[in-house]
Amino acid sequence: MNTFALPEFSMKKRYKLAIHVAAWAFFGAWIFYIQFQRGLTLGKAIDSLVGLSFAMLIFYLNWYVLIPRYLARNRILLYIALILATLTTVALVRSPLDFFVFREFNPGMQVLYSSDRILNYVLAGLIVVFISSALKVTGNYIRNERRNKELENQKLTAELNFLKSQVNPHFLFNTLNNIYSLAYKQSPETPDAIMKLSLLMRYMLYESNDTLVSLEKEVDHIHNFIDLQKLRLREQTSIRFNIDGELAGKQIAPMLLMTLVENAFKHGLVSRNEIGIGLDLKVQDDALLFTTVNNTSSHKKREFGGIGLQNLQQRLNLLYHNRHELNFEEKDGTFYASLKLYFQPKK
């Protein structure tokens with residue numbers, strides 16, 4: 001089974017890790033420099049390392065857990081409560097540790113729990129939380145802005161790609177010829193064919209410019225496409241389109257499903273055997289699964305990753321980042337494609 005995915009740039013992760021390591025190293029060096037000015041001893045050095053470890057614990061707990069799960073989801077009150085609970089817990093744990101282990105380096109430490117000492121620990125933790133939150137929120141904002149700009153550029157590029165590839169000139173030429181034949185024979189199907197072609201072009205040129213469209217419109221577009229294809233197909237062609245689930249109220253990015261439909265017709269119709277094209281759409285509350293099955297020609301070498309499918313993968317990576325599964329497989333003269341889309345981010 002072949003899958004398409006944008007390459008992971010491990011260098012970015014290494015660069016991010018290097019920045020974090022360098023920042024903590026600089027912060028630790030600054031602390032030791034201050035201690036050195038005051039007379040650094042082994043005990044004070046260990047005490048400073050323990051304090052630095054607690055600071056790192058608070059920093060990354062906020063960075064990887066509290067911000068993504070609560071602050072990013074606007075659960076602000078719960079986020080604040082968890083921050084205060086975390087800082088209080090750290091202070092209550094660190095206070096006896098300092099008292100029993102490092103008391104000899106702090107002559108003024110006379111009691112196990114001191115309100116002043118606990119308050120100092122909490123305030124120091126708040127500074128760490130503030131720095132962690134500021135860096136995380138700023139980083140997320142920059143990434144979102146970059147992704148939004150990339151989406152805008154991708155949308156412009158996609159519009160040009162649709163005009164060049166989705167509006168297939170051979171399909172239009174054959175459809176117009178078939179409509180001409182119907183008109184010449186004065187067939188009662190002529191007005192309906194013209195209307196379907198008009199709806200098809202309207203959707204592709206205008207409505208597909210929207211960021212999201214209703215799933216019902218996308219499915220209607222697929223039906224119109226299939227009906228127009230049937231005008232030129234021979235009788236032994238078997239086409240089925242099954243829908244399972246409720247379409248109302250669901251929205252997706254336009255023309256995603258159509259890419260797989262066009263791919264099935266493009267490569268399925270070259271088969272010299274009995275032609276069969278199957279489309280299945282299963283809709284659930286949180287996701288949809290769209291699968292296509294078509295015969296392939298044994299006389300024509302099949303290649304994965306045509307321009308249309310590559311464009312589809314790029315759009316999915318931008319519009320449904322971590323919210324899609326796209327798979328392809330060819331077996332015994334049959335090509336299978338499946339696309340699963342999650343309407344909301346996966347938890």
*asked:* Between the side chains of K196 and D227, is the shortest nitrogen-to-carboxylate-oxygen separation below 4.0 Å, so that they form an ion pair?
replied: yes

*Honestly curious: do M201 and M258 fall in one hydrophobic cluster under the side-chain, below-4.5 Å linking rule?*
yes

_Side chains of R147 and N144 only: does a donor on one sit below 3.5 Å from an acceptor on the other?_
no

*Are a donor atom and an acceptor atom from the side chains of H221 and E216 found within less than 3.5 Å of each other?*
no

*asked:* Whether the N62 and Y79 side chains hold a donor-acceptor pair (N or O, under 3.5 Å, no angle test) is what I'd like checked.
replied: yes

*Verify the ring-centre separation between F241 and H223: is it less than 6.0 angstrom?*
yes

*Report yes if some heavy atom in the side chain of K217 is under 4.5 Å from a heavy atom in the side chain of Y203; otherwise report no.*
yes

*Given the rule that I, L, V, M, F, W and Y join up when any side-chain heavy atoms are under 4.5 Å apart, are V90 and V122 in one cluster?*
yes

_F26 and W30 aromatic centres sub-6.0 Å_ = no

*Spacing of CG belonging to L326 relative to CD belonging to Q313, to within rounding of 0.5 Å*: 5.0 Å

*Looking at F265 versus F225, is the centre-to-centre ring distance below 6.0 Å?*
yes

*To the nearest 0.5 Å, how far apart are CG in L151 and OG1 in T211?*
8.5 Å

*Among the clusters formed by ILVMFWY side chains lying less than 4.5 Å apart, do V219 and L339 turn up in the same one?*
yes

*Ignoring hydrogens and geometry, is there a side-chain-to-backbone donor-acceptor pair from S133 to V129 under 3.5 Å?*
yes

